[in-house]
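To keep things clear, I will list the structure first and then write my remarks on it.
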Amino acid sequence: MKFIASPARLSTADSQFDAQFKARLHWSADADAAIEQRVADILADVQQRGDAAVLEYTARFDGLQADSVQALELTQGELQAAFDALPAPQRDALQAAAKRVRSYHEAQKKACGESWSYRDEDGTLLGQKVTPLDRVGIYVPGGKAAYPSSVLMNAIPAHVAGVQDIIMVVPTPVRGSIATGGSGAAAGLRGERNELVLAAAYVAGVTRVFTIGGAQAVAALAYGTATIPAVNKITGPGNAYVAAAKRRVFGAVGIDMIAGPSEILVLADGSTPPDWVAMDLFSQAEHDELAQSILLCPDAAYLDQVQASMDRLLPEMPRAEIIAKSLTGRGALILTRSMEEACEISNAIAPEHLEVSSQDARRWEPLLKHAGAIFLGAYTSESLGDYCAGPNHVLPTAGTARFSSPLGVYDFQKRSSLIEVSEAGAQVLGTIAAELAYGEGLQAHARAAEMRLK
């Protein structure tokens with residue numbers, strides 16, 4: 001069967017461009033009402049019944065029968081065995097990627113993750129104390145999906161931040177279960193484990209691994225059960241049920257973000273081989289039908305070349321059907337008046353991944369304000385950032401890069417203010433505080449400050 005990728009062809013010179021482009025960009029993060037209600041029921045049940053509810057839902061949705069949650073926990077020996085059993089090239093690639101991700105986040109910690117303090121002229125000490133979270137949970141998709149890179153990107157910055165306990169949950173559905181589209185009748189503890197994911201957990205220093213998933217795994221991490229300890233924060237991607245569960249437990253625990261479909265925006269000046277750009281657009285479109293791939297370029301002939309490359313390369317892609325639906329439904333090739341205008345449009349979109357595929361990429365970087373990650377130059381494919389460049393691949397989507405940042409060491413730390421007022425400082429600050437407190441009608445505040453005055 002032949003699939004055709006037909007991204008919209010738009011031009012900023014068209015009077016209808018704004019309306020056409022806005023319609024193409026639109027994606028609603030509103031969860032289905034039925035999913036929200038089902039997730040609410042699961043969370044409440046796990047919060048009330050703990051392990052028993054986790055076992056019930058794991059059997060129902062993943063077809064994985066177990067007598068206890070302890071039986072669903074993998075040992076460090078099993079993680080190491082998974083690593084040792086990998087082919088040497090995979091072991092080497094996993095370790096090389098982990099080394100680069102760790103090096104980047106160690107540099108990030110030095111830049112922004114250290115405590116500091118100073119004393120002012122009256123001897124008062126003011127500062128900030130940075131401490132790691134005690135325990136975090138990372139959710140990793142399982143079954144047929146294999147995302148060892150997600151393990152590295154979530155666990156390594158937590159480890160670098162100083163988190164002592166990193167609890168990973170990963171579903172291992174039995175083939176034929178509800179989670180894989182079947183009846184759920186299969187039983188046993190050998191579900192669809194991915195050895196590369198387990199090996200990544202070993203390399204990244206994950207403390208404990210439970211083979212559970214879905215909303216019940218999020219609930220167990222948020223509230224704790226007799227077997228699974230409650231965490232301070234939950235990070236990692238998941239399906240609609242996982243996203244809805246993370247949204248609902250926020251407040252009881254922290255979360256990283258509610259991620260939408262993957263996005264790539266390419267700013268091109270026409271100097272990059274069109275096959276490269278076509279494949280970069282494919283690289284996000286192959287995630288799912290709602291993923292978005294957009295190319296902005298001031299050269300109409302180059303847009304034609306990229307379209308021709310897509311037409312020729314698409315039949316070679318194993319996920320051609322998904323790519324075709326994504327590009328036809330949400331993709332766009334946009335003719336701009338200039339690269340400067342392309343940068344303006346990029347800032348309005350605030351994309352998850354932004355490639356600047358031009359001869360002088362650094363020229364345009366100062367004009368770019370909003371993006372999850374910026375990839376400079378023709379040789380910097382977005383896929384390198386996904387796996388091994390070093391910076392985190394957990395990025396804000398759906399325009400949230402306007403106000404949020406990639407996952408990092410800072411997400412696994414918290415900051416406490418340090419204040420140590422000297423006797424001399426109390427004379428100055430006490431007068432100021434008392435005046436303001438009386439103005440707010442809070443006499444006890446004022447008196448507490450005044451009692452320290454000579």
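Keep in mind that this is a model prediction, so the values were computed, not measured.
- You'll find the side chain of F21 reaches within 4.5 Å of the side chain of I294, heavy atoms only.
- No donor-acceptor pair under 3.5 Å is formed between the side chain of R193 and the backbone N or O of T172.
- Judged by distance alone, the side chain of N232 and the main-chain N or O of R135 form a donor-acceptor pair under 3.5 Å.
- Between the side chain of N154 and the backbone N or O of S150, at least one donor-acceptor pair lies under 3.5 Å.
- Put simply, the side chain of N392 never gets that close to the backbone of G408: no donor and acceptor are under 3.5 Å apart.
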*asked:* What verdict does the side chain to side chain donor-acceptor pair (under 3.5 Å) test give for T380 and E355, after you've listed the backbone C-alpha separation in whole Å, the side-chain angles of each residue and the deciding distance to 0.1 Å?
replied: CA-CA 8 Å; T380 315; E355 285 189 6; over 6 Å; no
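- Nearest heavy atoms, V206 versus A155: CG2-CB, 3.9 Å.
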*Step by step, work out the side chain to side chain donor-acceptor pair (under 3.5 Å) result for E263 and T397.*
CA-CA 7 Å; E263 309 157 354; T397 62; 4.8 Å; no
*Quick one: do S381 and D280 satisfy side chain to side chain donor-acceptor pair (under 3.5 Å)? Show the steps, please.*
CA-CA 7 Å; S381 71; D280 289 350; 5.0 Å; no
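- Judged by distance alone, the side chain of K233 and the main-chain N or O of Q413 form no donor-acceptor pair under 3.5 Å.
- You'll find the side chain of F61 reaches within 4.5 Å of the side chain of Q216, heavy atoms only.
- Contact check on E114 versus K110 returns no salt bridge, with no Lys/Arg side-chain nitrogen under 4.0 Å from an Asp/Glu carboxylate oxygen.
- Side-chain contact check for F412 versus V160: every heavy-atom pair is 4.5 Å or farther apart.
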